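One structure is given below, encoded as structure tokens.
Worth saying up front: this structure is predicted, and the values here are computed from it rather than measured. Both counts, for ligands and for their atoms, begin at 1 and track the order of listing.
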Amino acid sequence: MRIDIITLFPEMCESVLDASILGRARRGGLLELGCVNPRDFAKDRHRTVDDRPFGGGAGMVLKAEPLHRAIASVRRPRSRVVGLSPRGARFDAKAAGRLARQGHLILVCGHYEGIDERLLRLCDEELSVGDFILTGGELPALMVADAVSRLVPGVLKKPEATREESFADGLLEHPQYTRPRCWRGRKVPQALLSGDHERIADWRRRSSRLATRRRRPDLLKTKA
Ligand code: 4GS
């Protein structure tokens with residue numbers, strides 16, 4: 001799998017892509033992760049990538065042409081181009097699974113006030129990571145790259161983890177404990193110490209359902 005991030009701040013993305021699990025997968029050749037700076041594709045003397053919005057208003061808008069050229073420089077016949085913006089469909093576990101089946105993702109980051117709408121319309125889809133406004137699309141793109149990468153076979157040392165975690169089955173995850181058995185007077189639930197795999201699995205399923213009902217009842221409602 002290959003993921004290219006179109007960003008005015010490649011150094012911000014590179015540091016994240018080089019660390020921890022993604023860094024290991026990248027160095028091991030399991031994932032190809034790259035950054036492309038649209039500024040390198042601006043043709044004027046000042047390498048302009050943004051301009052004032054038509055109709056007036058605060059802030060600057062990213063111009064379509066440098067972004068388009070940057071995308072074209074890495075685009076392949078089967079690439080999926082994803083724009084990040086608060087107006088997109090909500091990115092969730094299901095979307096991550098769907099994107100993980102693609103061979104090549106191109107993630108387009110906005111910055112400043114936003115991206116020229118004509119460029120966004122050329123994307124295959126537009127995704128949002130939540131109902132809040134960030135200063136740039138880099139953190140959303142990195143969230144997508146991270147959530148998708150860990151679903152790529154071989155990236156996680158223990159792939160079972162992707163099945164048991166929150167949302168894989170539409171429920172929140174059960175609580176986790178590690179040593180010591182008693183910390184500040186608080187004990188680890190007895191079932192987890194029993195060594196009885198049946199009992200442990202049962203405790204986890206029940207905790208998972210209980211936590212979901214209490215914290216995220218919206219996840220239990222069947223969606224249309
Ligand atoms: C998001 C978001 C976002 C919007 C980028 C204003 C800079 C900013 N992108 N999910 N311009 N939430 N983007 O806040 O994806």
*What about Phe41 and His68, are their ring centers closer than 6.0 Å?*
no

*Listed partners of Ser79 passing side-chain hydrogen bond (donor to acceptor under 3.5 Å, both in side chains), at least two apart*: His104

*Protein contact to atom 10 (N) of ligand 1 [nearest heavy atom, distance to 0.1 Å]*: Val129 N, 3.0 Å

*Looking at atom 8 (C) of ligand 1, what's its closest protein heavy atom, distance included?*
Leu134 O, 3.5 Å

*asked:* Distance under 4.0 Å to a non-hydrogen atom of Ile133: what atoms of ligand 1 satisfy this?
replied: 6 (C), 14 (O)

_Cationic N near anionic O, under 4.0 Å, Glu113 to Arg52_ = no

*Note the single closest protein heavy atom to atom 12 (N) of ligand 1, along with its residue, its atom name and the distance in Å.*
Phe132 O, 3.0 Å

*Among the clusters formed by ILVMFWY side chains lying less than 4.5 Å apart, do Val152 and Leu142 turn up in the same one?*
yes

*Using a strict 4.0 Å cut-off to heavy atoms of Thr135, name the atoms of ligand 1 that fall inside it.*
7 (C)

_Contacts of Met143 that satisfy side-chain contact (heavy atoms from CB on, under 4.5 Å) - sequence neighbours left out_ = Val129

*Relative to the heavy atoms of Gly130, which atoms of ligand 1 are at a distance of less than 4.0 Å?*
12 (N)

*Among the heavy atoms of Tyr112, does any lie under 4.0 Å from an atom of ligand 1?*
yes

*Within a distance under 4.0 Å of any heavy atom of Gly137, pick out the atoms of ligand 1 and give their elements.*
5 (C)

*Do Arg90 and Asp131 meet the salt-bridge criterion of a basic N to acidic O distance under 4.0 Å?*
yes

*Please work out whether any backbone atom (N, CA, C, O) or any side-chain heavy atom from C-beta onward of Pro140 is under 4.0 Å from ligand 1, and answer side chain, backbone, both or neither.*
side chain

*Among all protein heavy atoms, pick out the one at the shortest distance from atom 13 (N) of ligand 1; state its residue, atom name and that distance to 0.1 Å.*
Pro86 CD, 3.7 Å

*Which heavy-atom pair separates Val61 from Asp116 by the least distance, and what is that distance?*
CG1-N, 3.6 Å

